[in-house]
Structures are given as C-alpha cells and as structure tokens.
A.B. asks: 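Shown below is the structure under consideration.
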Amino acid sequence: MGYDLVIFDNDGVLVDSEPLANSILAAYLTELGHPTTSEESLRDYLGAAAPRVRELVLERTGERLPDDFEAQLDARTCAAFEQELRPVPGVEEVLGALTAGGIAYCLVSSASHERIRVGHRVAGLDGWFEEEWIFSAQDVGQGKPAPDLYLHAARRMGVEPARCVAVDDSPLGIEAAAAAGTDVYAFTAVLPAGRLPGATGHFGDMKQLTALLGLEAGLGM
C-alpha cells in the first residue's frame, strides 16, 4: 500500500539532537534537585514535550518544577543548538527523493516552534520545510503519546491518517502515530528495535528509508 504523506518526527530523525537535548534536560533537572543522567533522560523522556516532563517529575517525586521550566529549558536547548547541530546523515537525500517524486511531507515535534526553527537553521534544513509543514506540540491539547499531534498534521495537510506514514525514534512517538491510525517506521539510531515496539518496521540507517517507503517504485502510486 502506498502513502500520500510522510510525517517525520524532528529530533533524532531530521536533526541529530537527541543526545545533546537530553544532556541539557538531565543537567537542568539535576540542577533543580532531581538528579538525572543523560542515559536516564533518554530512557524516561525521549520524545516527550516539556509539560510531560513536568507531569512525570510531579508523579514520581511529588514536587513541582518551577513555573518557568518550559521557557528555561527551551532557552538552554536553543542556545546549545546554536553551537553544535547537524542533520541526521542521509536525511537530505530522503527529502530530495520525496520532493523529486512529488510526495508530500511534513514534521511533528514535541519541541516548540522556536526550537524547531533554530535547529533547522543551524543544521541547514530550513530550506526543506515551509512553515505550514511544521507542527509542534504547542499546536495541540496533548502531546505524544496522545495521537493529537499526528492527527492534527494529517488534517492540516489534507490527508487521511490511513494514507500517512510516520517516521519516529521514540516509544512515545510510535504509540502516538499508531493511535492516530498511521503506519510508523521506527528509526533505531538512538534506541534499539527491542525498545521501540509497535512499529510497522524498523531501520537503523536513513539510507534504508527510501526503500522501506517504496520511493524507487513511486510512492503513493
């Protein structure tokens, strides 16, 4: 079955940001009195929007994070992105193949619009995405693992969820995409396939994605 829309997650799929973003989150949580390693951040918060981090910390410790937690985390992450960020190897070739084939694509992210745009500018991906192809957890009531963000993107792009395919690298994202009724391929650059259940398929190198999506045969045809 072909697809009419490819919905990319952003962090870890388009921009190689997960290790950096999670090290910043871990350091900030530790500073706030909740000791966290980068590995624990990846395990517990990969793919989560800042409000979900707030909810999980409250649930686990009974303590509330500061009112400006989201704004401070965003500022720290954007500042770090300005210094060091690159596209995921091979992703520009995938975007080029989609463009050449006339296949629509967009992105969904738990991050803010500002953080997405900063990351794309520094990584050199800003020319690949029109503003109306970018969807943030800021745009919906609930972030991943709720299906809202994927459903919102499909609706705004004018494609039924069943005709979409998602590309994500986190358990929360895979759960969200599956709940939205889309197929989803899990990118295993950060987490192994065993920690990404429920996906339609798994791949570890972005160069494999064109074949998985059937681009050579004419996606959506």
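Worth saying up front: this structure is predicted, and the values here are computed from it rather than measured.
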A.B. asks: Give the minimum heavy-atom separation between Phe187 and Leu196, together with the two atoms involved.
C.D. replies: O-CD1, 3.8 Å

A.B. asks: Nearest 0.5 Å, what's the CD-CD distance between Glu114 and Gln138?
C.D. replies: 9.0 Å

A.B. asks: Could you state the interatomic distance from OG (Ser17) to CD (Glu84), rounded to the nearest 0.5 Å?
C.D. replies: 11.5 Å

A.B. asks: According to a hydrophobic-cluster definition based on side-chain heavy atoms being under 4.5 Å apart (Ile, Leu, Val, Met, Phe, Trp, Tyr only), do Val190 and Met206 belong together?
C.D. replies: no

A.B. asks: Should we say atom CZ of Arg195 is surrounded by more than 12 heavy atoms from elsewhere, each under 6.0 Å from it?
C.D. replies: yes

A.B. asks: So, taking the atom named CG in Leu213 and the one named CG in Leu98, what distance separates them when rounded to the nearest 0.5 Å?
C.D. replies: 7.0 Å

A.B. asks: Would you be so kind as to tabulate the donor-acceptor pairs closer than 3.5 Å made by side chains of residues 43-54, with sequence neighbours excluded?
C.D. replies:
from: Asp44; atom 1: OD2; to: Arg60; atom 2: NH1; distance (Å): 3.2
from: Arg54; atom 1: NE; to: Glu70; atom 2: OE2; distance (Å): 2.9
from: Arg54; atom 1: NH1; to: Leu65; atom 2: O; distance (Å): 2.9
from: Arg54; atom 1: NH1; to: Pro66; atom 2: O; distance (Å): 3.4
from: Arg54; atom 1: NH2; to: Pro66; atom 2: O; distance (Å): 2.7
from: Arg54; atom 1: NH2; to: Glu70; atom 2: OE1; distance (Å): 2.8

A.B. asks: Please determine whether residues Val57 and Leu172 belong to a single hydrophobic cluster, defined as Ile, Leu, Val, Met, Phe, Trp and Tyr linked transitively by side-chain heavy-atom distances below 4.5 Å.
C.D. replies: no

A.B. asks: Which pair of non-hydrogen atoms, one from Ala146 and one from Ala176, has the smallest distance, and what is that distance?
C.D. replies: O-CB, 3.3 Å

A.B. asks: If you count the non-hydrogen atoms of other residues, nucleotides and ligands that lie under 6.0 Å from CZ in Arg156, is the total more than 12?
C.D. replies: no

A.B. asks: Using 0.5 Å steps for rounding, measure from the CG atom of Leu14 to the CD atom of Glu92.
C.D. replies: 10.0 Å

A.B. asks: Going through the distances and angles, do Lys144 and Asp168 end up as a side chain to side chain contact (heavy atoms under 4.5 Å, CB included)?
C.D. replies: CA-CA 11 Å; Lys144 304 173 184 178; Asp168 213 303; 3.1 Å; yes

A.B. asks: For Thr182 versus Cys164, what's the shortest heavy-atom pair and its separation?
C.D. replies: CB-O, 3.7 Å

A.B. asks: Using atom types as modelled and distance alone, determine if a side-chain donor or acceptor of Thr200 lies under 3.5 Å from a backbone N or O of Val184.
C.D. replies: yes

A.B. asks: Kindly give the heavy-atom pair with the smallest separation between Ser136 and Ala111, and that separation in Å.
C.D. replies: OG-O, 2.6 Å

A.B. asks: Should we count CG of Asp67 as having more than 12 external heavy atoms under 6.0 Å?
C.D. replies: no

A.B. asks: So do the side chains of His152 and Val108 get within less than 4.5 Å of each other, counting heavy atoms only?
C.D. replies: no

A.B. asks: To the nearest 0.5 Å, what is the distance between CZ (Arg163) and CG (Asp183)?
C.D. replies: 10.5 Å

A.B. asks: Do the non-hydrogen side-chain atoms of His113 and Asp139 ever get within less than 4.5 Å of each other?
C.D. replies: yes

A.B. asks: Quick one: does Val91's side chain get under 4.5 Å of Leu125's, heavy atoms only?
C.D. replies: yes

A.B. asks: Look up atom CZ in Phe135 and atom CD1 in Ile116, then write down how far apart they are to the nearest 0.5 Å.
C.D. replies: 10.5 Å

A.B. asks: Are the side chains of Val167 and Val6 in contact, using a 4.5 Å heavy-atom criterion?
C.D. replies: yes

A.B. asks: Identify the two heavy atoms, one from Gly12 and one from Asp169, that lie closest to each other, and give their separation to 0.1 Å.
C.D. replies: CA-OD2, 3.5 Å

A.B. asks: Say whether Leu212 and Val88 are linked into one hydrophobic cluster, either directly or through other cluster members, by side-chain heavy-atom distances under 4.5 angstrom.
C.D. replies: yes

A.B. asks: When you compare the side chain of Tyr105 with that of Trp128, does any pair of heavy atoms fall below 4.5 Å?
C.D. replies: yes

A.B. asks: Flag the pair Leu209 / Phe8 as yes when at least one side-chain heavy-atom distance between them is below 4.5 Å, and no otherwise.
C.D. replies: yes

A.B. asks: Give the intermediate values and the outcome of side chain to side chain contact (heavy atoms under 4.5 Å, CB included) for residues Asp11 and Ser109.
C.D. replies: CA-CA 7 Å; Asp11 290 300; Ser109 176; 3.9 Å; yes

A.B. asks: Take Asn10 and Phe129 through the side chain to side chain contact (heavy atoms under 4.5 Å, CB included) test and state the conclusion after the steps.
C.D. replies: CA-CA 11 Å; Asn10 186 56; Phe129 287 86; over 6 Å; no

A.B. asks: With a 6.0 Å cut-off (strictly less than), is the heavy-atom count around CD of Glu160, excluding the residue itself, greater than 12?
C.D. replies: no

A.B. asks: Would a 4.5 Å heavy-atom cut-off, applied to side chains only, mark Phe81 and Arg121 as touching?
C.D. replies: no

A.B. asks: Answer with yes or no whether the hydrophobic clustering places Ile103 together with Trp133; edges join I, L, V, M, F, W, Y residues whose side-chain heavy atoms lie under 4.5 Å apart.
C.D. replies: yes

A.B. asks: Could you check Leu107 against His120 for side chain to side chain contact (heavy atoms under 4.5 Å, CB included), going step by step and ending with a plain yes or no?
C.D. replies: CA-CA 12 Å; Leu107 75 83; His120 279 210; 3.3 Å; yes

A.B. asks: Looking at His202 and Tyr185, what are the two nearest heavy atoms and their distance?
C.D. replies: N-CD2, 4.5 Å

A.B. asks: In the structure I gave you, are the side-chain heavy atoms of Leu73 and Ile24 within less than 4.5 Å of one another anywhere?
C.D. replies: yes

A.B. asks: Out of curiosity, does Leu42 fall in the hydrophobic cluster containing Tyr28 (side-chain heavy atoms, cut-off under 4.5 Å, transitive links)?
C.D. replies: no

